[in-house]
Structures are given as C-alpha cells and as structure tokens.
Novice: 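Input: one structure, supplied below.
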Amino acid sequence: MAALDGLVAVVTGAGSVGPGVGNGRAAAIRLAEEGARVALLDMESSVEDTLDMIQQRGGEAAVFRCDVTDAEMVEQVVAATVAHFGRLDILFNNVGIAGPPGTVVDVDLEAWRRCLDVNLTSMVLTSRACIPRMRKAGAGSIINMSSLAGLRGGHAAVAYATTKGAVISLTQAMASQHGRESIRVNAVAPGLVYTPMVSTKSGVDEATRALRASLNVLGTEGTAWDVAEAVLYLADPRSRWVTGVVLPVDAGAAMHSEAIEVSVTEAGATRGGRAAGAR
Ligand SMILES: NC(=O)c1ccc[n+]([C@@H]2O[C@H](COP(=O)([O-])OP(=O)(O)OC[C@H]3O[C@@H](n4cnc5c(N)ncnc54)[C@H](O)[C@@H]3O)[C@@H](O)[C@H]2O)c1
C-alpha cells in the first residue's frame, strides 16, 4: 500500500509555463505516484500534459482549469474536486509568478497588486475553499510555496520578496488557527531551482544557470523534483507532528549571508553586486 492511498490532493499551478517540469507538476506527479488522487489546477492548457504524465505512470488525476485569483472560480473547482473524488485531504498552494522588477520607488503598482493577488491572496482563496472540506475528512495538510527570497529578503524585486515573506507569516498564522482541527500548515522555501519559470519566462542563460547552481553549499543545481520530495513529506500523514515550519529546499543556500546577487524578473535575468538574491 502506498503512503497516500485513499487521500485526495489539490495542486495549484500544476501545469508549466514552458517545456519541462515545474514545482507544481513535479509535486502532482509524486503525490500521484504515492497513491493520492490529484486535482490539477492551472489556468494554462499545459496542465493537460501533467495529467498525461500522471496517467502514463498509472496514477489518477483530473484537470480543473481556473485562475486561482478568482474566488468564485476557486470555490467552483474545489467543489468539483470533491464531487469528483469524494473527499479532500491535501492542498499544495504552489502558484506563483516572478512579478514586476523594482523597488518601492519604481515598482509598477498595478503589477505589484497582481503579484500580491497571485502569490499570496490566491492561497487565502484556495485554503478558504478547502479547509471546510478537510474538516469533513477529519484532518488535512496544506503546503504553501514560499522561497529563499521570502526567508532572506534581499531580492532585487521588492514585490516577489514581499509576497514570499508574507507566505511564511500566513503559514504560521494558519498553522496556529487550524491546528486543533488537525489541519497542518507548512511551507517550503526553495532556493534557486531550475524550472520552466526560470528557463522560459525569465530567460536565464547557461552562464547564469551555472552561477545559480554555484551559490549553494552543495554546488549543484536543484530541480522541481527536489522540491516535490519536501512537499511529499509534508503532505504525508507520517509528518503528523510537523506544523508551522518553513522547510528550505536550497542545498544550504540560506546559510550564505553574502551570496552574489542573481536577480530574476519577468524582464530577464540580471547579475549584480553583493547582496542576497534568490527566487
Ligand atoms: N523556480 C525557482 O527557482 C523557484 C524558487 C522558489 C520558489 N519558487 C516558486 O515555485 C512556484 C512554482 O514556480 P515554478 O518555477 O515551478 O513555475 P512554473 O511557471 O513552471 O509553474 C507555475 C504554474 O502556475 C500557473 N499559474 C500562474 N498563475 C496562475 C493563476 N493565476 N491561476 C492558475 N495557475 C496559474 C502557470 O500557468 C504555471 O503552470 C512559484 O510559487 C514560485 O515562486 C520557484
């Protein structure tokens, strides 16, 4: 019997913005491999490829297209998930965007608000829809996607760092408020992971890719599969005594207090001076 047999998971951002495997897709595949039935939420058609990948591996999943910043749509797809699978136990709030570059002085305010909506408020909307269903199941595990940028700040884009830092506080508040309902809430904080968001959206070149890999203690490049294993651990009922933690998945990069700045924005990758930088 697999560890997650009988459990149902919702994964947001289970598609991919380009070829390859992002954090949501990898986690969805691993959750399904461990026996969970997985609701794949994404606004892009690439989520259908994730479904194919899960089915090819003998897993069970279903696609629910939605924009997770739309409260009504989120409620509808979560209701549809429970109608389809019969219950709900795990929520991985993975969706996130790089957001606009800049400081508080020059950041585009409309893009700032969108970044808050996508990276932070969406987690409130999905959790608000899922928690009442977890109560019915008698327990639940929510995993929120933060980042090294949320742990350390120091990012070149104030919007991204702010949202990822806020995810940590959100996680701790949620963990406190829902602990007595046996709903655990934890966060993962990946370091510089090579995903489609980095390769496609942010256009990181090979030199920057190598630099990013060199910034951690192990000196190796992280992938979405590394992040997925952490998500799996926190989703698994065997981590039943773990709540309110922020688990870095960064090959020790958080220990570097003066890493070379590698700022990644939607506008492209830049390499700067001496400051902490992560995404
Ligand atoms: N790649 C890294 O180095 C890194 C590091 C730390 C944290 N993260 C975080 O991991 C998460 C996933 O990143 P990734 O690099 O795997 O990205 P990705 O771009 O490969 O995947 C993100 C997915 O989210 C979907 N999405 C975006 N906005 C959406 C919305 N409003 N509604 C529904 N779906 C939406 C996209 O369509 C895409 O399929 C993000 O929260 C990101 O901040 C990434």
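When a ligand or atom number is given, it counts from 1 through the structure's own listing order.
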Novice: side-chain contact (heavy atoms from CB on, under 4.5 Å) with Val185: which of Val245, Asn144, Leu234?
Specialist: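 Of Val245, Asn144, Leu234, side-chain contact (heavy atoms from CB on, under 4.5 Å) with Val185 is met by Asn144 alone.
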
Novice: Hey, which atoms in ligand 1 end up nearer than 4.0 Å to a heavy atom of Ser147?
Specialist: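 It comes down to these atoms of ligand 1: 6 (C), 7 (C).
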
Novice: Does ligand 1 have an atom that lies less than 4.0 angstrom from a heavy atom of Arg65?
Specialist: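 No, that is not the case, since the closest heavy atom of the residue is not under 4.0 Å from the ligand.
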
Novice: Should Val193 be counted as touching ligand 1, given the test is an N or O pair under 3.5 Å?
Specialist: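 Checking ligand 1 against Val193, an N or O pair does fall under 3.5 Å apart.
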
Novice: Of all the heavy atoms in Ser146, does at least one lie under 4.0 Å from an atom in ligand 1?
Specialist: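 Under 4.0 Å: yes for Ser146.
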
Novice: Should one rank Asn94, Asp49, Val68 by closest heavy-atom distance to atom 11 (C) of ligand 1, which comes out on top?
Specialist: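 Considering heavy atoms of Asn94, Asp49, Val68, the nearest to atom 11 (C) of ligand 1 sits in Asn94.
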
Novice: Need the ligand 1 atom indices (1-based, order shown) with element for anything under 4.0 Å from a heavy-atom of Gly191.
Specialist: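 Result: 3 (O), 5 (C), 6 (C).
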
Novice: Atoms of ligand 1 less than 4.0 Å from Gly22 heavy atoms?
Specialist: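 Contacts of ligand 1 toward Gly22, numbered from 1: 16 (O), 20 (O).
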
Novice: So is Val118 polar-close to ligand 1, meaning N/O to N/O under 3.5 Å?
Specialist: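 Looking only at distances, the answer is no, because the N/O contact criterion of under 3.5 Å is not met.
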
Novice: Taking only non-hydrogen atoms of Cys66, do any sit less than 4.0 angstrom from ligand 1?
Specialist: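 True for this residue.
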
Novice: I want to confirm something. Looking only at heavy atoms, which of Lys164, Met123, Met43, Arg114 is nearest to atom 30 (C) of ligand 1?
Specialist: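 It is Met43 that holds the nearest heavy atom.
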
Novice: Measuring from the heavy atoms of Ser16, does anything fall under 4.0 Å of ligand 1?
Specialist: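 It does, in that a heavy atom of Ser16 comes within the 4.0 Å cut-off of ligand 1.
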
Novice: Give me each pair satisfying side-chain hydrogen bond (donor to acceptor under 3.5 Å, both in side chains) with a member in residues 76-88, each pair once, sequence neighbours excluded.
Specialist: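 Passing the test, one end in residues 76-88: Arg87-Asp89.
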
Novice: Do Thr163 and Asn119 meet the criterion of a side-chain donor-acceptor pair at a distance under 3.5 Å?
Specialist: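 Yes, because at least one side-chain N or O of Thr163 sits under 3.5 Å from a partner of the opposite role on Asn119.
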
Novice: With respect to atom 13 (O) of ligand 1, which of Thr12, Ile97, Asp117, Asn23 exhibits the smallest heavy-atom separation?
Specialist: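 Among Thr12, Ile97, Asp117, Asn23, the closest heavy atom to atom 13 (O) of ligand 1 belongs to Asn23.
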
Novice: Mind listing the closest non-hydrogen atom pair of Ala3 and Arg238 along with its distance?
Specialist: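 Heavy atoms only, the tightest pair is CB-NH2, 3.2 Å.
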
Novice: I want to check a possible cation-pi pair here: Arg212 against Tyr194, using under 6.0 Å from ring centre and within 45° of the ring axis as the test.
Specialist: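 Judged by the rule (NZ or CZ under 6.0 Å from the ring centre, within 45° of its axis), Arg212 is not positioned above Tyr194.
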
Novice: So Ile143 and Ile90, side-chain contact (heavy atoms from CB on, under 4.5 Å) or not? Walk me through it.
Specialist: CA-CA 8 Å; Ile143 302 108; Ile90 297 158; 4.3 Å; yes

Novice: Taking all non-hydrogen atoms of both residues, which atom of Thr195 and which atom of Ala224 are closest, and how far apart?
Specialist: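 Of all heavy-atom pairs spanning Thr195 and Ala224, the closest is CG2-CB, 4.3 Å.
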
Novice: Find all atoms of ligand 1 within a distance of less than 4.0 Å from any non-hydrogen atom belonging to Arg212, and give their numbers and elements.
Specialist: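 In order of number, 3 (O).
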
Novice: Distance under 4.0 Å to a non-hydrogen atom of Asp67: what atoms of ligand 1 satisfy this?
Specialist: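 Under 4.0 Å from Asp67, ligand 1 has these atoms: 30 (C), 31 (N), 32 (N).
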
Novice: Gly15 heavy atoms, cut-off 4.0 Å: which ligand 1 atoms fall inside?
Specialist: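 Counting atoms of ligand 1 from 1, those under 4.0 Å from Gly15 are 39 (O).
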
Novice: Classify the side-chain pair Arg25/Ser46 by whether it contains a donor and acceptor separated by less than 3.5 Å.
Specialist: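 Per modelled atom types, Arg25 and Ser46 side chains form no pair under 3.5 Å.
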
Novice: Working to the nearest 0.5 angstrom, can you tell me the gap between Arg114 CZ and Leu116 CG?
Specialist: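 Between Arg114 CZ and Leu116 CG, I get 11.5 Å after rounding to 0.5 Å.
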
Novice: I'd like to know whether ligand 1 has Gly18 as a neighbour, heavy-atom separation below 4.0 Å.
Specialist: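 Gly18 does not count as a contact of ligand 1 under the 4.0 Å cut-off.
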
Novice: Measuring from atom 42 (C) of ligand 1, which candidate in Phe92, Phe64, Tyr160, Tyr194 has the nearest non-hydrogen atom?
Specialist: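 It is Tyr160 that holds the nearest heavy atom.
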
Novice: In a check of side chain to side chain donor-acceptor pair (under 3.5 Å) between Thr126 and each of Thr121, Thr12, Asn93, which one passes?
Specialist: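 For Thr126, the side chain to side chain donor-acceptor pair (under 3.5 Å) test succeeds with only one of Thr121, Thr12, Asn93, which is Asn93.
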
Novice: Which of the listed options, Met197, Glu44, Arg25, holds the heavy atom that is closest to atom 17 (O) of ligand 1?
Specialist: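 Of the listed residues, Met197 has the closest heavy atom.
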
Novice: Contact between Leu151 and Pro248 at the side-chain level, heavy atoms closer than 4.5 Å - yes or no?
Specialist: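 The answer is yes, as the side chains (C-beta and beyond) meet within the 4.5 Å cut-off.
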
